[in-house]
Amino acid sequence: MLVFTIRRLMQSVIVLFVMSLIVFIGIYAVGNPVDILINPEADIAEQEATIRRLGLDRPLWSQYFSFLNSALYGDLGTSFVHNEPALELIFERLPATLEIAVGAVGLAIVIGIPAGMVAGLRPDSLIGKTIMSGSILGFSLPTFWVGLMLIMLFAVMLGWLPASGRGDTVDLFGVPVSFLTWDGLTHILLPAFNLALFKMSLVIRLSRAGTREVMLQDYVKFSRAKGLSESRVILVHVLKNILIPVVTVLGLELGNVIAFAVVTETVFAWPGIGKLLIDSIGLLDRPVVVAYLLLTVTMFILINFVVDVLYSVLDPRVRLGDMKS
Amino acid sequence: MSSPVPAPAPIPTPTDVEGETVVGEQAESPWRRFLSDFFESRIAVAGLVVFVFLILAALFAPYVTPQNPYDLMQISIMDGRLPPGTQGEMIHYWLGTDDQGRDMLSGIFYGLRTSLGVGAASTVIALFIGGAIGLIAAYFGGRVDAMIMRVADLQLSFPAILIALILVSILGQGVEKIIIALVAVQWAYYARTIRGTALVERRKEYVEAATCLALSHRRIVFRHLLPNCTPPLIVVGTVQVAHAISLEATLSFLGIGLPITEPSLGLLIKNGFDYMLSGDYWISFYPGVALLITIVSINLVGDQLRDVLNPRLKR
């Protein structure tokens, strides 16, 4: 067990190192930030001073090692545009992204599980078929297009909900959140729903499959035979048993939601880290791009590591198979 | 993600990756059975018809559109943002015009050209590269297999959009760069798919017989193994075209995909997005509908192909 964990940990560190190298070299080989950041009317001396201040004159490997060194201390460079530490900039925006991510997962559960259970209980009825076709659409439609349609319908045509921004925020433990004010809540509804669609389709499929399987089990027959009401059988006995796979998958998918938030945040002008990334790519603000990518990659490597270790605890075959290869 | 990509060996079989012709031109009956199976589902046939129409529209866009939206001589800025069904100075704008006075219908046909082209090109390239890598992994097994599959698994543990974002921010904009990014995102699916099939196939007698005849590795892999591994690859490939188109549209919508000189549907939607809030919905809406029809029709065809080519569902 310990050997497996250490091996996986080492593997994760190597992957992280390789990814940081790819991202750094790739990003720092694109474009010339000097042209963008320095006033075109600045004279040569001013230009050189700025280049030296930003460390752009040193060879690439030296830039990388000083970057790696300071990254280990939590310093991922200073944004060229905002003149603020890149990591700080990201952490400032992170609550907004986490808010719609959590909102999206919440909506996916609240809408997806009941819909999936209905589809599982009545697979051949019209409503069951409609739900399943809807989940296929949820899988195949591009997120940004659905977001546009939501804006067109609810913001432009009906005028019920605002199309962009975060609305009023209140501080909760020093972190600004939107969902506690009415205005903020109306702002978060559309982006969270948009981001939720894909996961919702996933939850619908999982809970439909789960329901169909669980309904055939003996304990469902038994609880019916015991004379429990149908609603109690479904809402307590069936629901509890389909929750396990749904919750596991959704936990894994939280990272995915944050990655996909890039699209939703751009559509709804939601001031999270995804929008920051797209803006920074456009402005060639490389420290912010590097910091975002490294942070997200680290998050994924961490999630994968934890999942691998947990799986090996639950299923020893995983770790034995790994030992052999 | 830099994967060890060996130059794909020359593939002698006439594998037409795009179409559905691979299954069996040599024998008459399986090919015919395949066709009759496919045409059983009316909705899949409808999808196929729409898809063929879209391909024709994309191929012949310069001949069928009322104007070339990127020829400045043919557009008039005075016709900017006209609603659908307006009679312009020279032509009738069935779907309205964008802010530059370009006919949306023509713009969509040209956009379809770019979107389908990029989607198909990236899928075909990824299919060849991924297929070759997967086949090599399955045939040689052992260390090679473990190595390749670890890289593939690793890549698949990241969401496609994140990989694409990393690559696009590294490579920058441009048609060939987007294709590279889409290939890098997709190859692992094909590698895994073909590896799974090939692992089963290579244990069968005909591979053993070929080995006993002392045929070269290349001949066994590409003449004997590959043709028997293609059906699942075609299914994955069809569905992946839709994914590739969707991903390209997303990247272009984010403004980090194709450059404005090569407008795809995603870019058209992005251009119209700025005017949507002022009520000029058609600039964004109709390219979106075109994108939607493309993706749905490809998925319908792909679903039916999967059912037809899956031997377990054979009656």
Side-chain angles (χ1 to χ4, degrees), chain A residues 11 15 18-19 22-31 136-137 139-149 151-152 155-157 163-164 252-253 255-260 262-263 266-267 274-275 277-282 284 286 289-290 292-293 296-297 300-301 303-304 307-308 324-325, chain B residues 1-2 142-143 145-147 149-151 153-154 157-173 239 242-243 245-256 265-266 269-270 272-273 276-281 284-285 287-289 291-292 295-296 298-300 302-303:
Chain A
Q11 203 182 321
V15 172
V18 171
M19 287 303 257
I22 293 173
V23 169
F24 178 85
I25 292 184
I27 302 285
Y28 275 64
V30 177
I136 293 172
L137 283 184
F139 271 126
S140 54
L141 297 186
T143 312
F144 77 95
W145 190 80
V146 178
L148 284 183
M149 290 304 107
I151 288 184
M152 203 173 116
V156 180
M157 287 176 161
S164 66
L252 292 179
E253 292 280 330
N256 259 332
V257 173
I258 291 174
F260 269 96
V262 172
V263 180
T266 310
V267 174
K275 189 160 186 329
L277 172 75
I278 298 298
D279 293 344
S280 302
I281 291 178
L284 279 185
R286 295 179 301 184
V289 177
V290 170
Y292 172 90
L293 292 179
T296 324
V297 165
F300 269 95
I301 291 174
I303 292 177
N304 287 337
V307 169
D308 274 354
K324 262 184 253 157
S325 68
Chain B
M1 182 92 11
S2 72
R143 209 165 270 266
D145 184 31
M147 224 14 214
M149 282 306 127
R150 179 139 302 176
V151 173
D153 282 347
L154 193 71
S157 68
F158 293 99
I161 186 133
L162 186 66
I163 304 271
L165 279 174
I166 292 178
L167 286 170
V168 167
S169 47
I170 288 174
L171 299 169
Q173 293 192 329
V239 179
H243 277 179
I245 290 174
S246 169
L247 192 58
E248 179 273 311
T250 304
L251 291 174
S252 294
F253 176 78
L254 293 175
I256 53 176
L265 292 176
I269 297 171
K270 174 192 163 62
F273 182 45
M276 181 170 260
L277 292 179
S278 51
D280 297 349
Y281 66 92
S284 221
F285 180 72
V289 171
L291 180 68
L292 190 72
I295 291 172
V296 170
I298 296 175
N299 275 328
L300 288 177
D303 270 3

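Numbered from 1 within each chain, the chains take letters A, B, ... in sequence-line order. The figures here come from the full heavy-atom set of this structure, side chains too, leaving out hydrogens, waters and symmetry mates. Since the model is a prediction, treat every value here as computed from it, not as a measurement.
- In terms of non-hydrogen atom pairs under 4.5 Å with chain A, the most contact-rich of Ser246(B), Ser284(B), Gly288(B) is Gly288(B).
- Contact annotation for Leu277(A): only side-chain heavy atoms (C-beta onward) come within less than 4.5 Å of a heavy atom of chain B.
- Side chains of Ile161(B) and Phe260(A) form a contact here, defined as non-hydrogen atoms less than 4.5 Å apart.
- Heavy atoms of Ile151(A) lying under 4.5 Å from chain B belong exclusively to its side chain.
- For Ile245(B), no part lies near chain A; criterion is any non-hydrogen pair under 4.5 Å.
- Partners of Asn299(B) by side-chain contact (heavy atoms from CB on, under 4.5 Å), not counting sequence neighbours, listed by chain and number: Ser140(A), Val239(B), Ala242(B), Ile295(B).
- Chosen from Leu247(B), Leu162(B), Asp145(B), the residue pairing most often with chain A at heavy-atom distances under 4.5 Å is Leu162(B).
- Nearest heavy atoms, Phe273(B) versus Val267(A): CZ-O, 3.1 Å.
- Under the 30°/60° scheme for interplanar angles, the aromatic rings of Phe158(B) and Phe300(A) are found to be tilted.
- Shown here are the side-chain contact (heavy atoms from CB on, under 4.5 Å) partners of Ile256(B), two or more places apart in sequence or in another chain: Ile278(A), Ile281(A), Leu165(B), Val168(B), Leu251(B), Leu254(B).
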